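Quantities reported herein were computed from a predicted structural model and do not represent experimental measurements.
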Amino acid sequence: MSQVSLSHEDRVEALRRFGYTEREAAFLCLAALHGGYFLRRQYCQFLGKEAGGTVAALIQKALAYEHAKASTFATQTHVYHLDTRPFYAALGQSDNRNRRNRQPGAIKTRLMGLDFVLAHPQHRYLPSEQDKVEYFTRTRNIDRDLLPTKVYRSKNGTSSTARFFVEKFPIFLRQQPGQDVETEVAFCFVDGGATTVSTFENYLCQYARLFAALAQFQVMFVATRPLLFQPAERAFRRVILARRNGEDPSPAGSLSQRLREYFEARQRYESGQLSTFDRAALIRLRDDRETFSGERFESLFEQWKAFSEGGHPERSEAKTTTPSSISGTFSTCLLEHSYDLFGTLTAF
């Protein structure tokens with residue numbers, strides 16, 4: 001990660017040097033690190049006032065400085081995207097992936113995440129990937145291998161980059177009653193309007209090893225409708241129970257023997273252990289790639305890697321003290337805003 005550790009105050013001050021006021025800089029910092037997108041009404045909520053000249057001034061500056069681009073969605077609603085490298089570099093986040101353009105569904109979840117943060121300003125958030133990694137590895141002394149990770153590989157397959165907490169959902173710290181320090185970590189899952197909890201279950205499986213390394217934690221299911229609240233809670237209890245019993249709660253935990261052997265061979269091949277393959281093994285790997293192709297098997301492969309007992313168990317045991325049982329709670333949050341604005345996208 002090409003990032004520089006800065007405090008919130010340092011980041012705000014860096015943005016002020018562009019010409020923003022302190023309030024403008026504070027909001028833009030919040031929006032940039034919590035998804036990269038924002039709406040006019042969100043700045044109004046941040047200020048605690050109705051739309052007016054103050055709000056228009058921020059929009060005009062961000063567009064004039066070329067720090068943001070505006071796009072028009074259905075109902076003629078403008079969505080603003082903070083997408084330039086110099087802007088994020090001022091925040092110490094030159095390679096922050098929030099700069100990248102997203103599809104409407106992903107933009108929606110980012111706006112929902114920012115709405116959650118604006119509605120709960122009393123919490124201390126871990127806004128950037130670097131903030132999250134440093135908190136869990138340094139403050140909580142948890143091994144990096146236990147963090148939810150996604151590996152991005154170059155097109156030619158010669159290099160790869162590991163990124164953490166790629167969902168960009170809010171994570172914040174809470175102080176328990178009777179304690180002087182923030183000991184509970186709360187993880188938000190932002191539901192963009194799914195009809196099942198399968199995506200939430202995958203999220204829980206990706207985070208399960210980190211959950212197990214924490215003494216206390218909370219998972220908060222954030223949505224605009226309560227349709228999936230009960231199914232999500234049942235999924236949470238099922239995954240947590242499986243971890244307490246030492247089981248792999250993911251769908252990858254019940255793989256067929258052939259699929260498991262393919263995943264093991266693929267992992268060895270992609271990690272460069274070519275000496276473990278003879279000609280027959282390479283042919284079988286090629287055939288299995290064709291047989292087990294598609295999004296479903298890619299998702300299973302990522303889950304299998306996350307829960308594989310291989311990797312670096314010796315480092316994990318040395319650096320992490322795992323509780324004998326997981327002490328996690330589940331809660332829900334119903335957002336009040338409507339997000340029925342995502343239709344055909346036109347940029348200007």
Side chain to side chain contact (heavy atoms under 4.5 Å, CB included) between L82 and Y80: does it pass, once the steps are laid out?
-> CA-CA 7 Å; L82 298 161; Y80 302 94; over 6 Å; no
Rounded distance [0.5 Å steps], NZ in K108 versus OG1 in T224 | 5.0 Å
Take atom CD of E22 as the centre, draw a 6.0 Å sphere, and report whether it contains more than 12 heavy atoms from other residues, nucleotides or ligands.
-> no
Answer yes or no: are there more than 12 heavy-atom neighbours, outside R97 itself, under 6.0 Å from its atom CZ?
-> yes
Mind running side chain to side chain contact (heavy atoms under 4.5 Å, CB included) on R11 and L15 for me, showing each step along the way?
-> CA-CA 6 Å; R11 289 166 176 163; L15 294 186; 5.9 Å; no
In a check of side-chain contact (heavy atoms from CB on, under 4.5 Å) between Q42 and each of V117, L30, L111, which one passes?
-> L111
Distance-minimising heavy-atom pair for V185 and R140 | CG2-NH1, 3.6 Å
Residues that A57 engages under side-chain contact (heavy atoms from CB on, under 4.5 Å), provided they are two or more places apart = E24
Backbone N/O of F116 and side chain of H120: donor-acceptor pair under 3.5 Å | yes
CA sep, side-chain torsions, deciding dist, call: T329, E184, side chain to side chain contact (heavy atoms under 4.5 Å, CB included) = CA-CA 10 Å; T329 58; E184 183 182 66; 4.2 Å; yes
When you look at F165 and F136, which way does the ring-ring contact (aromatic ring centres under 6.0 Å, His included) test go after all the steps?
-> CA-CA 12 Å; F165 304 97; F136 288 113; 5.7 Å; yes
Is the side chain of Q206 donor-acceptor paired with the backbone N or O of K150 at a distance under 3.5 Å, no angle test?
-> no
Which class fits the ring pair Y65 and Y20: parallel under 30°, tilted 30 to 60°, perpendicular over 60°?
-> perpendicular
Apply ring pair (Phe, Tyr, Trp, His ring centres under 6.0 Å) to Y43 and list each qualifying residue two or more places apart in sequence or on a separate chain.
-> F27
In this structure, are over 12 heavy atoms from other groups packed under 6.0 Å from K61 atom NZ?
-> yes
Is the Lys NZ or Arg CZ of R266 less than 6.0 Å from the centre of F301's six-membered ring, within 45° of the axis?
-> yes
Roughly how far, to the nearest 0.5 Å, is the CG atom of L33 from the CG atom of L28?
-> 10.5 Å
Lys/Arg N to Asp/Glu carboxylate O, E233 vs R237, below 4.0 Å = yes
Quick one: do Y203 and V151 end up in the same hydrophobic cluster if we chain Ile, Leu, Val, Met, Phe, Trp and Tyr together by side-chain heavy atoms under 4.5 Å apart?
-> no
Is a donor on one side and an acceptor on the other found under 3.5 Å between the side chain of T137 and the backbone of V133?
-> yes
Closest heavy-atom contact between R110 and G35?
-> CD-O, 3.4 Å
Considering all heavy atoms of both residues, which atom of S128 and which atom of Q93 are nearest to each other, and what is their separation?
-> CB-OE1, 3.5 Å
In short, F236 meets L204 closest at the heavy-atom pair CA-CD1, 3.6 Å
All heavy atoms of V12 vs all of A25, minimum pair found to be O-CB, 3.6 Å
Ring pair (Phe, Tyr, Trp, His ring centres under 6.0 Å) partners of residues 82-113, not counting sequence neighbours, each pair once = H67-F87
Least distance between heavy atoms, Q218 atom then S331 atom | CD-OG, 3.4 Å
To the nearest 0.5 Å, what is the distance between OG1 (T109) and CG (L114)?
-> 11.5 Å
Looking just at side-chain N and O atoms, do S271 and Q273 make a donor-acceptor pair shorter than 3.5 Å?
-> yes
Take F187 and F169, measure what ring-ring contact (aromatic ring centres under 6.0 Å, His included) needs, and give me the verdict at the end.
-> CA-CA 8 Å; F187 300 84; F169 296 153; over 10 Å; no
In one Ile/Leu/Val/Met/Phe/Trp/Tyr side-chain cluster, 4.5 Å: Y269, I283 | no
Decide if atom CZ of F277 counts as having more than 12 heavy atoms of other residues, nucleotides or ligands within a radius under 6.0 Å.
-> yes
Report yes if some heavy atom in the side chain of T196 is under 4.5 Å from a heavy atom in the side chain of P231; otherwise report no.
-> no
Test item: K132 side-chain N/O and P127 main-chain N/O as donor-acceptor pair under 3.5 Å | yes
Judged by atom type as modelled, is there a donor-acceptor pair below 3.5 Å linking the side chain of R238 to the main-chain atoms of E201?
-> no
Inspect the contact between D115 and R41 and indicate whether a charged nitrogen and a carboxylate oxygen are less than 4.0 angstrom apart.
-> yes
Spacing of E13 atom CD and C29 atom SG [to the nearest 0.5 Å] | 12.0 Å
What's the spacing between D143 CG and L210 CG if we round to 0.5 Å?
-> 11.0 Å
Checking side chain to side chain contact (heavy atoms under 4.5 Å, CB included) for the pair R284/Y262: CA distance, chi angles, key distance, verdict?
-> CA-CA 9 Å; R284 180 173 182 179; Y262 161 61; over 6 Å; no
Within-4.5 Å side-chain heavy-atom neighbours: Y135 and I171 | no
Above 12 or not: heavy atoms from other molecules or residues under 6.0 Å from CD of Q230?
-> no
Checking ring-ring contact (aromatic ring centres under 6.0 Å, His included) against F189, which of F221, F229, F330, Y207 comes through?
-> F221
To the nearest 0.5 Å, what is the distance between CG (L214) and CD1 (I142)?
-> 4.5 Å
Donor-acceptor contact present, side-chain K69 to main-chain D83, <3.5 Å | no
